[in-house]
Structure formats: structure tokens, C-alpha cells
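Within every chain, numbering begins at 1; the chains are lettered A, B, ... in the order of the sequence lines, protein sequences first and strands thereafter. The model shown is predicted, which means the values in this text are computed figures rather than measured ones.
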Amino acid sequence: MSTPATKSQPVYPELEWDRTGTHHILFVAAEDAALARRLYASPPAGTLTVIHVADPAAGETAWNKDLPPQALHLAAPSLGDGLKLLNDALYVAQMGTRIYLAGPEDAIWQASQMADGYGVGRDEVRHAQIGSKARPVFCVHCRTITRGVHTNLVACSGCDRTLFVRDHFSRRLGAYMGFQIDAEVPGDVPAAEVIYP
Amino acid sequence: MSASMQVEITRIRDLAPGIREFSLSPAGEGSFPVYSGGSHIVLSLPLGARPHRNAYSLLGDPNERHTWRIAVRKQEDSRGGSRWLHEQAREGMKLDIAPPMNLFPLVRTGRRHILVAGGIGVTPILSQARELARIGADFEVHYAYRGPEFGVFSDELEALAPGRVHHYVQSRREQIEFRSLLSGRPLGTHFYICGPAGMVAASMEAGHTLGWPESHLHSEQFLAPAGGEAFDVKLAKSDKQFTVPSELSLLEAIEQQGVDAPYLCRGGACGQCELEVLEASGELLHHDLYLSAAERASGRKIMTCVSRLKGGCLTLNL
């Protein structure tokens with residue numbers, strides 16, 4: 001794992017169970033069979049709730065088979081449904097709970113904001129980027145977040161300005177900063193490249 | 001180090017055997033700054049040639065600009081600070097203080113707050129409770145003391161949190177069961193404790209067992225610098241060599257040499273007075289609450305306000 005040049009850009013250490021916790025909530029929004037096998041092979045003590053965002057048509061995946069015996073698996077057909085299930089789980093959760101968020105950055109940072117709302121500290125949440133590398137991009141001009149951005153330049157879904165996607169990340173907003181590429185020379189917009197597959 | 005301000009003792013109240021409350025006001029014109037719940041000040045007390053400095057938590061309303069209050073328990077085995085306040089201090093006297101510092105702040109993003117006070121450890125809890133009451137936070141207080149006459153701030157607490165103050169009177173064999181106090185608490189709960197070392201340790205152990213992370217467990221203890229055996233000190237950069245007598249702390253002895261050493265709380269809590277140990281012929285006696293086990297084992301650091309050397313000579317990078 002390389003250290004990013006921009007300090008705010010998140011670095012995701014390998015996801016491990018925090019065995020000092022007594023309850024565990026795993027929120028997953030992408031497939032990663034190797035990660036699922038590794039986590040499920042040595043589950044932590046205590047309760048484990050798995051909130052799994054996946055297309056119901058996907059059927060059996062590594063996240064819903066070979067579950068640890070104590071695990072409760074909750075399937076969500078969409079990210080929105082998954083976040084609702086997470087909200088319900090956090091609402092009744094007790095101190096001692098550890099939260100694991102694995103998925104594309106858009107999903108895990110929306111989930112992280114939800115945990116922040118419950119007063120959860122940074123030592124209680126772990127993040128892992130799996131699946132798509134697409135970025136959520138915050139427009140510094142109109143404050144709209146454009147989601148699922150694969151390219152270095154993107155049209156803002158709020159104000160239609162062409163935004164350059166920076167590595168500068170806000171944990172509070174759960175998005176990368178985007179600013180107008182042609183602010184100084186209007187119309188001077190280079191071709192966009194896919195760099196967040 | 002810290003800029004000092006002068007205050008006048010405007011009122012002394014005896015609250016219980018061995019517990020006195022002091023009201024302090026600015027000595028001249030002007031008013032005090034506001035502070036945050038859990039803050040303390042450091043009083044300079046005129047005991048002998050060099051001032052003797054003790055930290056005391058502010059227990060009143062953090063927004064009160066004219067009068068600050070502290071409460072002092074007389075420590076029979078102290079080196080004289082609390083005894084001076086109990087026996088020599090009079091209304092109208094002026095003292096120098098270091099302005100408020102907070103090593104025990106509230107976490108405002110918390111959803112619920114559990115405050116625990118043991119004996120005179122109630123003082124920072126009082127200002128925290130006031131701040132929580134003011135912002136309308138969800139909190140409860142657990143107040144333990146030796147006997148009914150020592151629950152000196154019960155009424156103030158009850159007024160701040162009616163029905164949410166729980167009393168534990170040691171003489172009635174009531175004590176806080178930390179395992180049950182901390183179990184089943186909702187996510188986002190914060191725990192704060194100030195009290196005797198054994199009580200703090202028991203609560204932290206219960207928290208860890210129940211899976212509470214460090215970021216939600218908050219404690220404050222101040223240590224009185226224990227005297228001890230005399231030992232020799234060399235200050236490498238200042239080029240001084242002297243003996244720390246048994247009745248002075250290392251920090252006080254350095255100050256007596258006219259050398260400006262870092263400090264803040266003077267109670268082993270804040271970490272500000274850390275100095276690099278260049279050489280120690282003898283055993284470092286770490287009494288602070290700051291250094292990690294690994295840092296202690298390295299033998300490279302010492303907190304001068306409370307720690308000493310057993311025998312031999314200590315060379316410091318100062």
C-alpha cells in the first residue's frame with residue numbers, strides 16, 4: 001500500500017477483526033471472495049451481524065455462504081436498503097460494538113457518516129475499499145455530490161460545471177473535492193480519462 | 001511557562017471535616033476568561049523560598065466570569081500545599097495562578113455521558129455536569145463518598161440533574177459496580193471518572209472487558225509529587241550539577257537552580273514536563289500517569305513533576 005501524496009486521501013489497511021470488541025457489525029457492498037473467506041475463517045467472539053448489499057439475482061456469494069455460526073446475515077437489494085438496515089442495527093447497538101465497512105468508497109463513507117451520527121469514535125470503525133474504485137465527488141461550487149465517478153473530469157450533476165477530481169478527501173462529507181477545470185480559460189477542457197475503474 | 005494571573009481569595013467555606021471550598025476573583029480590574037468543563041488551574045502557594053504549585057479543578061459554572069471555585073481536601077501526608085490552604089490561607093489573600101487548562105474535556109459528539117466522582121474527585125465532574133446541563137445533553141452522575149457528611153456537592157449536582165444523580169455512601173457499604181454500570185450502554189456513550197486510583201483502575205478494567213474503546217473512556221487523576229530519597233542531577237545543556245533533596249520534586253529542584261523547565265499540570269497527567277534522560281546511574285522511579293510501559297522501559301524519558309531517581313546521578317538533556 002503506497003502512501004498518498006495528499007494527506008487527506010484515505011489509506012485502507014487490510015481489514016481485520018478487532019477482537020477487543022464484544023459485538024460486530026459487518027457492512028459489505030461489493031464482492032470479494034478472498035476477503036470474505038479470510039474474515040469468516042476466524043470470526044471474533046461475540047455477536048456478528050452481516051449487512052450484505054447485493055443484487056438478489058446474484059444468488060450465492062462468498063458473503064452469504066460459509067457464514068460463521070453466530071452470524072446473522074441480512075440481505076439488502078440496494079445501497080439505500082443496506083443503509084436503512086445499518087441504521088436499524090446502530091440504533092440498537094451497545095458500547096463494545098465494532099463496525100466494519102467494506103465496499104466502494106461511496107458506499108462505505110455514506111455508512112461511515114451514519115455511524116458518526118451515533119457518536120461512534122474512529123477506533124470503533126474500520127474501512128476497506130473493495131469493488132469499484134469509483135469516487136463520490138463534491139462540487140466545491142454548488143455543493144452537490146456526484147456519485148460513481150470513474151474519470152478524472154466529470155460534469156457536476158448539480159451545476160453542470162466540468163469538475164477536476166482531486167485526491168483531497170473529506171471524511172465528513174464522504175467525498176473527494178472537485179473544482180471547475182476551465183474556470184480561468186472557459187471552454188478549455190482536456191479529454192477525460194478513466195482512472196478510477 | 002504559562003502566563004500567570006493574580007487572584008484574591010474572596011471566600012472560604014468549610015464543607016466537611018478536611019474539605020474546604022475557596023472562591024477566587026480577579027485581584028485587579030477585569031474578569032476571568034470562560035473555560036471548558038473539566039478544566040483545572042495551578043495555584044502557586046507561598047510555602048518557603050520557592051512557590052509550591054498544586055493543580056485544582058474548577059468546580060463552578062464555566063461561564064462565570066467573576067468568581068471561580070475550587071475545593072481542597074487536606075492531605076495529611078502532603079508536602080504542605082493542601083495544609084497551607086487549610087491552615088494559613090485567609091480571605092483577602094492574593095495568589096498567583098496559571099490560567100485554566102483542560103486535560104479532561106467532554107466529547108461533545110457523545111450521545112450519552114456517564115460521569116463518576118469519587119470523593120474530592122467530584123470537582124471536575126461538577127463543571128462537566130454544568131456544561132452538559134447547559135447544552136441539554138443526556139447525562140447521569142454517580143457520586144461516591146466516605147460517609148453522609150462527605151457528599152458535600154450532592155445538592156448542587158441534584159439541582160443540575162434532578163433524578164439523575166446516584167449516591168454511593170461507603171460507610172453504608174454502597175459501592176459502584178462498574179461492570180453493571182457500563183454494560184448494555186447505547187453506542188456513542190462516553191464515560192468520565194475522577195477519583196482514587198483504585199476506583200479509576202477498576203472502572204477502566206470493566207470498560208475494557210466490555211469492549212469499550214479507549215476513545216470513550218476518560219479519567220483524570222492528579223498525583224501529589226511524592227518526596228523520596230535525595231539524588232544527584234546533571235543538566236547537560238545548562239551545565240549545572242546539583243542534588244535534589246528529599247522534600248523537593250525534580251522539577252522544583254530544577255526551578256530552584258533558575259533553569260526554565262517545561263511543565264503544565266505538575267501532577268503527572270499532562271506530559272508537558274517530559275525530559276530526555278541522557279544517562280541514569282540508578283533506577284528511574286516513574287510515578288506519572290503519562291508514559292507508556294514501552295517508554296518507561298526504554299529509560300530515555302522522565303516526567304520531572306512527579307518522578308525521581310533511586311540512587312546515583314541523573315543526566316538530563318536540558
Side-chain angles (χ1 to χ4, degrees), chain A residues 13 15-27 43-49 51 68 70-72 74 83-101 109-127 170-174, chain B residues 36-38 103-116 128 131-133 135-142 166 176-193 200-219 292-293:
Chain A
L15 194 60
E16 304 281 358
W17 299 115
D18 177 355
R19 295 178 194 280
T20 64
T22 48
H23 303 279
H24 306 267
I25 298 173
L26 171 62
F27 176 89
T47 66
L48 169 61
T49 304
I51 298 171
Q70 88 269 33
L72 171 67
L74 303 171
L83 291 172
K84 278 190 198 122
L85 288 175
L86 178 64
N87 190 46
D88 293 346
L90 293 172
Y91 185 77
V92 297
Q94 299 177 355
M95 286 304 295
T97 303
R98 297 295 183 275
I99 299 156
Y100 311 84
L101 308 173
W109 289 102
Q110 284 189 64
S112 194
Q113 282 177 301
M114 187 171 275
D116 289 347
Y118 283 91
V120 167
R122 287 201 179 172
D123 51 356
E124 293 163 278
V125 188
R126 280 154 186 71
H127 305 82
S170 162
R171 286 173 169 257
R172 186 178 66 81
L173 299 166
Chain B
S36 52
L103 302 173
F104 194 37
L106 295 164
V107 177
R108 296 277 203 114
T109 53
R111 281 205 302 163
R112 182 175 294 184
H113 306 265
I114 305 171
L115 308 180
V116 176
Q128 290 184 328
E131 186 169 324
L132 290 169
I135 63 177
D138 181 357
F139 74 102
E140 61 192 56
V141 185
H142 299 263
H166 306 265
I176 304 178
E177 296 295 340
F178 288 106
R179 283 293 289 270
S180 52
L181 182 66
L182 291 173
S183 69
R185 294 298 188 153
L187 207 59
T189 306
H190 283 265
F191 176 80
Y192 309 83
I193 184 168
V200 172
S203 71
M204 294 295 132
E205 198 196 334
H208 291 142
T209 306
L210 293 165
W212 284 56
E214 290 297 334
S215 64
H216 290 250
L217 295 170
H218 314 276
S219 65
S292 67

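Among B:P213, B:G188, B:S183, the residue with the largest count of heavy-atom pairs under 4.5 Å with chain A is B:P213. Per-residue heavy-atom pair counts under 4.5 Å with chain B were compared for A:T20, A:V120, A:T22, A:D123, and the maximum is reached by A:D123.
For B:E205, the CD atom sits in a loose shell: 12 or fewer heavy atoms of surrounding residues, nucleotides or ligands are nearer than 6.0 Å.
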Please tabulate, for the side chains in residues 83-96 of chain A, all donor-acceptor contacts under 3.5 angstrom to protein atoms that are two or more places apart in sequence or on a different chain.
from	atom 1	to	atom 2	distance (Å)
A:N87	OD1	A:Y118	OH	2.6

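Considering B:H216, B:H218, B:H142 in turn, B:H218 is the only one that fulfils the ring-ring contact (aromatic ring centres under 6.0 Å, His included) rule with B:Y192.
Between A:H127 and A:W109, the ring planes lie parallel to each other; the angle is under 30°, not in the 30° to 60° tilted range.
Contact annotation for B:T209: only backbone heavy atoms (N, CA, C, O) come within less than 4.5 Å of a heavy atom of chain A. When heavy atoms are compared at a cutoff of 4.5 Å, A:R19 does not approach chain B at all.
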